[in-house]
Amino acid sequence: MTRVLSAVAWPYANGPRHIGHVAGFGVPSDVFSRYMRMAGHDVLMVSGSDEHGTPILVLADKAGEKPLDTINRNHEVIARELADLGCSYDLYTRTSTGNHYEVVQELFRVCKANGYFVEQGQSVALEPETGRTLPDRYIEGTCPICKYAEARGDQCDNCGNQLDPADLIEPRSKVTGATPEFVETQHWFLDLPALADALSVWLDGREAEGTWRPNVIKFSQNILKEIRPRAMTRDIDWGIPVPGWEDQPTKRFYVWFDAVIGYLSAAIEWARRLGEPDKWREWWNDPEALSYYFMGKDNIVFHSQIWPAELLAYNGQGARGGEPGRFGTLNLPTEVVSSEFLTMGDQQFSSSRGHVLYVRDVLERYGPDPLRYFICAAGPETSDAAFTWADFVTRNNSEIVAGWGNLVNRTATMIAKNFGEIPPCHELEQVDEDVLAAVRAGFESVGDLLRHHKVRAATAEAMRIVGEVNKYLTVTEPYKMKDESQRQRLETVLHVAAQCVSDCNTLLAPFMPHAANRVHLVLGGKGDFVPMPRIEVVDELDVDNGAGSPSYPVITGDYSDTPAWEPRPVVPGTPVAKPTPVFTKLDPAVVEEEIARLGG
RNA sequence: GGGGCGGUAGCUCAGUCGGUCAGAGCAGAGGACUCAUAAUCCUUGGGUCGUGGGUUCGAGCCCCACCCGCCCUACCA
């Protein structure tokens, strides 16, 4: 048994999630976490809504509301859709909690005391009316090089040159249209160069393990070459206050500085709510504990550089030395598991252009199983992958329904019709031994693939085994055994089939937990086979400290009843009724419908 | 501009250390069967492995150049 931290990327609270988001972090992390629990590991799976930063402020202003209203609404939406998707978080919280504020400020204080924060002046663009930082991408103007009128502050889309927003001709704010003010301002910079050697040693050690996806480790090592100090504060009045700058309420932490700390603060919040406030240390202080971070590729730099740098600085393990604070020496990531991007057809998702597919809409129309299965079988694991409705329908109809669902259904039907209960098992023939062995071997092969985050291959392997069982029924032809003299053989074949279906259901449970619970019932099981997450509204733990809400919804769950990753003997005599189909076949017409919906 | 990843059968993609590696699934064609949501099972795959060079006894797999797509470029969360 190993302690495993599943650290799942924090969705930005600017609206509902689209399926590309959950393909990147949501489903892969849940499949892994569910498998690791089944394999007997002690998993702590945490995440939450990322609620600070300029985009939230812009959204709130546009809606004419306070940022707190914006994030309250979006946090609730996101928590609901992730819970409905079945993501089995031990705690899905948010960054606007008093607990998170406290943990972020503790990390800053200790990193600073250890010498890894330096105060420096910087020239930045400010929104003249509010004094807020105006990120480069929120500035537009005429390109000084090619005179293109719609150049962005960071780059000209026309000539491709990288720009400094101060050089733009007639710069203007994309938010208000006002002319930005360029001023010199003080910020705290994380001294990344002082941590570069330690980061390099850590990355080399990770590379030696050979488990990271090659592109992730290479990219991480590459960005180390041009490492520079990076500002961890901003001129903005929305975010976590900076200790020592209490007299400057318009200076807050940079959203990414605080967001990654959420992995730690969420673990601490989880332990506090459990009533065992030090329990989190088993995942963070024990060097034997493993930690896996799940995200899309656009987040790699924050998880393989910024976050480990913050941890090294806190631990006092950079070039300037230092001592860890009260949280003790914190573990660096075991593995940064980054996904690529899911595209909609051949285009990127784009909320603004309506070229988007929201998780909640797919869940509402088709339920969680087809979406989870599609992402598992065809998701952007090692390269960008395309979502198309035609594929979605095909995967559902020919793999889930015709392959797996049909196996469940034909097995249960024959058992119900002939016996009404799981029949006993008599002497096994070679063909029976073979199929049982093939299924049993799946626990090793599928488990090995899942342990290494090869979800696509794991899905294919599980479905290959399902095919073996379908073949078994074709070869043994139990439906032809009508004579009384064949009764014992019929019992044995259907017993073996039931055993195989039960074990396949275990193998498929990490991928499609909702379906696993239904299949469990079909075979005469009681209650839930695998535990599901739930939404719970909790009270803020640190009312005096937080800037957030007095209460808020979280995702949590009790996963202690997770079934083991092993064959589970079916019990003769267990009643089995005539089944109703576990999966729903989709009319190919939905392809056209959905495409039309996209256009509209 | 710099960095990274990818370009393999109609479609979606596997191909670990260079030598049964030219593959799987879906779609298509033919057959078997009927327990099952016309589901299942069997048979069926000539695609210059983006282009052009090179290294090698031998290269999707190594090197160089080029074309195309995508991502990152640190104040996009």
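Below, chains carry the letters A, B, ... as their sequence lines are ordered, and counting in each starts from 1. Reckoned from all heavy atoms, side chains included, excluding hydrogens, waters and symmetry mates.
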Classify the angle between the aromatic ring planes of A:Tyr366 and A:Trp389 as parallel (below 30°), tilted (30 to 60°) or perpendicular (above 60°). tilted

Please find the pair of heavy atoms, one from A:Tyr472 and one from A:Ala497, that lie closest to each other, and give the distance. CE2-N, 4.3 Å

To the nearest Å, how far apart are A:Glu461 CD and B:G25 P? 13 Å

Picking from A:Tyr263, A:Phe25, A:Phe294, what satisfies ring pair (Phe, Tyr, Trp, His ring centres under 6.0 Å) with A:His303? A:Tyr263

Within the structure shown, what part of the strands sits under 4.0 Å from A:Phe302 by heavy-atom distance: base, sugar-phosphate, or nothing? nothing

Whole-Å distance, A:Asn222 CG to B:G4 C1', equals 7 Å

Among B:U12, B:C35, B:C70, which nucleotide has an atom closest to any side-chain atom of A:Arg395? B:U12

Could you check whether A:Asp369 pairs with A:Arg372 (Lys NZ or Arg NE/NH1/NH2 to Asp/Glu carboxylate O, under 4.0 Å)? no

Rounding to the closest angstrom, what is the interatomic distance between B:G19 and B:G10 at atom C1'? 31 Å

Please state whether the phosphate of B:A36, meaning OP1 or OP2, lies under 4.0 angstrom from any side-chain nitrogen or oxygen of A:Lys417. yes

Taking atom CD of A:Glu444 as the centre, does the number of heavy atoms from other residues, nucleotides or ligands within less than 6.0 Å exceed 12? no

Regarding A:Ala402, tell me which of base, sugar-phosphate or nothing describes its non-hydrogen contacts under 4.0 Å with the strands shown. sugar-phosphate

Between A:Ile227 and A:Thr54, which residue's closest nucleotide on RNA chain B lies nearer the 5′ terminus? A:Ile227

If you assign A:Thr185 and A:Asn397 each to the RNA chain B nucleotide with the nearest heavy atom, which residue ends up on the more 5' nucleotide? A:Asn397

Looking across every strand, which nucleic acid part, if any, lies under 4.0 Å from A:Ala385 by heavy atom: base, sugar-phosphate, or nothing? sugar-phosphate

Rounding to the closest angstrom, what is the interatomic distance between B:U40 and B:C33 at atom C1'? 8 Å

Of all the choices, B:U37, B:U40, B:C26, which nucleotide is nearest to the side chain of A:Val401 once you look at every atom? B:U37

Give the rounded distance in Å between these two atoms: CD of A:Glu381 and P of B:U12. 18 Å

For nucleotides B:G54 and B:A14, find the distance between their C1' atoms and express it as a whole number of Å. 28 Å

Please name the nucleotide paired to B:G69 by Watson-Crick or G-U wobble geometry with both distances under 3.5 Å, or report none. B:C5

Quick one: label A:Lys482 by what it contacts on the DNA or RNA (base, sugar-phosphate, nothing), any heavy atom closer than 4.0 Å. sugar-phosphate

Which whole number of Å gives the distance between the P atom of B:U8 and that of B:C49? 11 Å

For atom CD of A:Gln221 and atom P of B:G3, their distance in whole Å: 17 Å

Between A:Lys585 and B:A38, is there a side-chain N or O to OP1/OP2 distance below 4.0 Å? no

A:Phe392 atom CZ is separated from B:U12 atom P, nearest whole Å, by 18 Å

Salt-bridge test for A:Arg489 and A:Asp483: reply yes if a basic N is under 4.0 Å from a carboxylate O, no otherwise. no

Presence of A:Lys471 side-chain N/O under 4.0 Å of B:C42 phosphate oxygens OP1/OP2: yes

Rounded distance in Å between the P positions of B:G7 and B:C62: 11 Å

Which nucleotide sits closest to the side chain of A:Glu399: B:G25, B:C35, B:C75? B:G25

Under a 3.5 Å limit on both distances, the Watson-Crick or wobble mate of B:U55 is none

Which part of the nucleic acid, if any, lies within reach of A:Lys297 when heavy atoms closer than 4.0 Å are counted: base, sugar-phosphate only, or nothing? sugar-phosphate

Check the chi torsion on B:G60 and let me know: syn if it falls within 90° of 0, anti if not. syn

How is A:Val260 classified with respect to the nucleic acid when contacts are heavy atoms under 4.0 Å: base, sugar-phosphate, or nothing? nothing

In whole Å, what separates the P atom of B:G1 from that of B:C63? 23 Å

Please give, in whole Å, the distance from B:C72 P to A:Asp384 CG? 10 Å

Kindly point out which of B:A36, B:A14, B:C33 is positioned nearest to the side chain of A:Ser383? B:A14

Indicate, with a heavy-atom threshold strictly under 4.0 Å, whether A:Pro478 touches base, sugar-phosphate, or nothing. nothing

What about A:Asn409, does its side chain sit under 3.5 Å from the base of B:A36 through a donor-acceptor pair? no

Counter-base of B:C61, judged by Watson-Crick or G-U geometry with both distances under 3.5 Å: none

In whole angstroms, how far is the C1' atom of B:C75 from the CZ atom of A:Phe257? 17 Å

Compare the minimum distances between each of B:C71, B:G3, B:A36 and the side chain of A:Asn406, then state the nucleotide with the smallest one. B:A36

Using a 4.0 Å heavy-atom cut-off across all strands, classify A:Arg456 as base, sugar-phosphate, or nothing. sugar-phosphate

Is any side-chain N or O of A:Arg230 closer than 4.0 Å to OP1 or OP2 of B:C75? yes

Assign the ring pair A:Trp188 / A:Phe108 to parallel, tilted or perpendicular, where the plane angle (0 to 90°) is split at 30° and 60°. perpendicular

Confirm from the modelled atom types if A:Glu340 and B:C70 form a donor-acceptor pair under 3.5 Å, side chain to base only. no

Go ahead and name the base partner of B:C75; Watson-Crick or wobble counts if both distances stay under 3.5 Å, otherwise write none. none

Between A:Phe387 and A:His18, does a ring-ring contact (aromatic ring centres under 6.0 Å, His included) hold up when you go through it step by step? CA-CA 12 Å; A:Phe387 175 93; A:His18 60 61; over 10 Å; no

Inter-nucleotide P distance (B:A27, B:C66), Å rounded: 42 Å

Rounding to an integer number of Å, can you tell me how far A:Leu203 CG sits from B:G4 C1'? 15 Å

Could you tell me how far B:G60 sits from B:U16 if I compare only their P atoms? Round to whole Å. 13 Å

Watson-Crick/G-U partner (both atom distances under 3.5 Å) of B:G28: B:U44

Any base atoms under 4.0 Å from A:Ile306, or only sugar-phosphate, or nothing? Heavy atoms, all strands. nothing

Pick base, sugar-phosphate or nothing for A:Val255, based on heavy-atom distances below 4.0 Å to the nucleic acid. sugar-phosphate

Between A:Phe583 and A:Tyr373, is the ring centre distance below 6.0 Å? no

Report yes if at least one side-chain N or O of A:Thr382 is closer than 4.0 Å to OP1 or OP2 of B:A14; otherwise report no. yes

